[in-house]
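Here is the structure we will look at.
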Amino acid sequence: AQSVTQLGSHVSVSEGALVLLRCNYSSSVPPYLFWYVQYPNQGLQLLLKYTSAATLVKGINGFEAEFKKSETSFHLTKPSAHMSDAAEYFCAVIRNTGNQFYFGTGTSLTVIP
Amino acid sequence: ETGVTQTPRHLVMGMTNKKSLKCEQHLGHNAMYWYKQSAKKPLELMFVYSLEERVENNSVPSRFSPECPNSSHLFLHLHTLQPEDSALYLCASSQDHGGRGGYTFGSGTRLTVV
């Protein structure tokens with residue numbers, strides 16, 4: 001079955017510290033991978049996506065993610081956390097032969113001043 | 001404004017009421033989706049429409065009835081709901097049914113069933 005696993009439902013970092021949100025996928029074929037962010041009382045907003053062009057993907061708001069096939073991972077990082085980064089982050093996958101998104105359970109990011 | 005507009009933003013309804021959620025997209029997308037987001041649970045795909053035809057219905061109770069009159073509009077008709085149906089209902093659209101370019105989400109309707 002196609003799925004993603006987000007390790008850690010809650011992550012806290014200090015303002016200015018590195019942000020690392022983990023996502024592992026299960027797939028027998030190269031997938032399409034996405035990270036979305038959800039601010040309180042809002043819908044999901046696309047941060048970045050991997051579609052097999054480049055393994056390091058840069059997104060909005062200074063976030064980036066690296067596709068590592070050997071580790072079946074697509075972790076999201078940001079060098080320096082900002083207070084405005086506090087939100088829920090979702091990893092999602094769609095198999096390139098399929099047509100349905102599978103979302104992870106989400107990671108809530110707290111940024112401590 | 002994200003390009004996908006959902007109304008109303010908040011809705012409180014009794015279990016015997018009938019109400020509808022509306023979703024509108026101005027992105028020229030051909031596929032639209034309804035998701036249910038409940039606390040501490042993964043997003044649940046409810047319905048998928050591609051070119052105005054329903055292509056997926058993920059075992060959703062019949063008290064939820066979708067309607068897609070054209071490629072820009074999607075409705076979710078609600079009747080005789082249960083308290084456990086209280087959730088954030090998200091509409092999304094994508095260029096095509098595959099969604100490989102990603103989905104664009106609306107801000108959601110926060111539904112409370114009393």
Side-chain angles (χ1 to χ4, degrees), chain A residues 1-10 23 25-27 29-53 57-60 63 65 67 74 76 87-108, chain B residues 1-11 21 23-25 27 29-51 53 55-58 87-112:
Chain A
Q2 183 77 63
S3 68
V4 288
T5 302
Q6 292 184 242
L7 299 177
S9 58
H10 298 277
C23 174
Y25 66 92
S26 61
S27 174
V29 296
Y32 288 76
L33 292 157
F34 305 80
W35 275 100
Y36 283 85
V37 61
Q38 185 178 30
Y39 298 103
N41 300 314
Q42 295 292 322
L44 279 69
Q45 179 183 2
L46 181 65
L47 270 179
L48 49 81
K49 60 185 178 184
Y50 167 75
T51 55
S52 76
V57 182
K58 294 187 183 299
I60 62 172
F63 284 93
F67 173 72
F74 191 58
L76 182 71
E88 189 88 13
Y89 291 81
F90 293 90
C91 182
V93 64
I94 182 170
R95 200 169 56 188
N96 63 6
T97 56
N99 52 25
Q100 182 171 333
F101 265 64
Y102 295 86
F103 285 92
T105 51
T107 297
S108 177
Chain B
E1 198 59 55
T2 63
V4 177
T5 304
Q6 289 187 245
T7 54
R9 291 295 307 274
H10 300 273
L11 178 62
L21 309 185
C23 176
E24 187 173 0
Q25 58 97 0
L27 301 168
H29 288 171
N30 293 316
M32 297 185 76
Y33 312 81
W34 279 117
Y35 277 88
K36 177 183 179 182
Q37 186 178 32
S38 303
K40 303 187 190 310
K41 294 177 67 176
L43 275 81
E44 301 173 49
L45 178 63
M46 300 176 72
F47 300 104
V48 180
Y49 276 83
S50 178
L51 298 173
E53 290 191 17
V55 295
E56 287 189 45
N57 174 359
N58 287 0
L88 181 68
Y89 288 84
L90 293 166
C91 175
S93 69
S94 63
Q95 183 61 53
D96 52 44
H97 181 198
R100 293 165 193 172
Y103 289 1
T104 300
F105 282 86
S107 297
T109 295
R110 174 69 63 184
L111 174 67
T112 303

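Heavy-atom basis, side chains included; hydrogens, waters and symmetry copies ignored. To find a chain, count down the sequence lines: A is the first, B the second, and so on, and within it residues start at 1. Owing to the predicted nature of the structure, the values given are computational and were not obtained by experimental measurement.
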Please test B/Gln37 against A/Phe90 for side chain to side chain contact (heavy atoms under 4.5 Å, CB included), starting from the C-alpha separation and ending with a verdict. CA-CA 12 Å; B/Gln37 186 178 32; A/Phe90 293 90; 3.3 Å; yes
Please report the C-alpha distance between B/Leu43 and A/Gln38 in whole Å, then the side-chain angles of each, then the deciding distance to 0.1 Å, and finally whether the side chain to side chain contact (heavy atoms under 4.5 Å, CB included) criterion is met. CA-CA 12 Å; B/Leu43 275 81; A/Gln38 185 178 30; 5.8 Å; no
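Counting all heavy atoms, side chain and backbone alike, B/Pro42 lies closest to A/Thr105 at CG-CG2, 3.5 Å. Here the shortest heavy-atom pairing between B/Gly101 and A/Lys49 reads O-NZ, 3.0 Å.
Most heavy-atom pairs under 4.5 Å with chain A, from the set B/Gly102, B/Ala92, B/Gly108: that is B/Gly102.
In terms of modelled atom types and a separation under 3.5 Å, the side chain of B/Tyr103 and the main chain of A/Leu44 share no donor-acceptor contact.
For the atom pair OH (A/Tyr36) and CZ (B/Phe105), the distance works out to 5.5 Å, reported to the nearest 0.5 Å.
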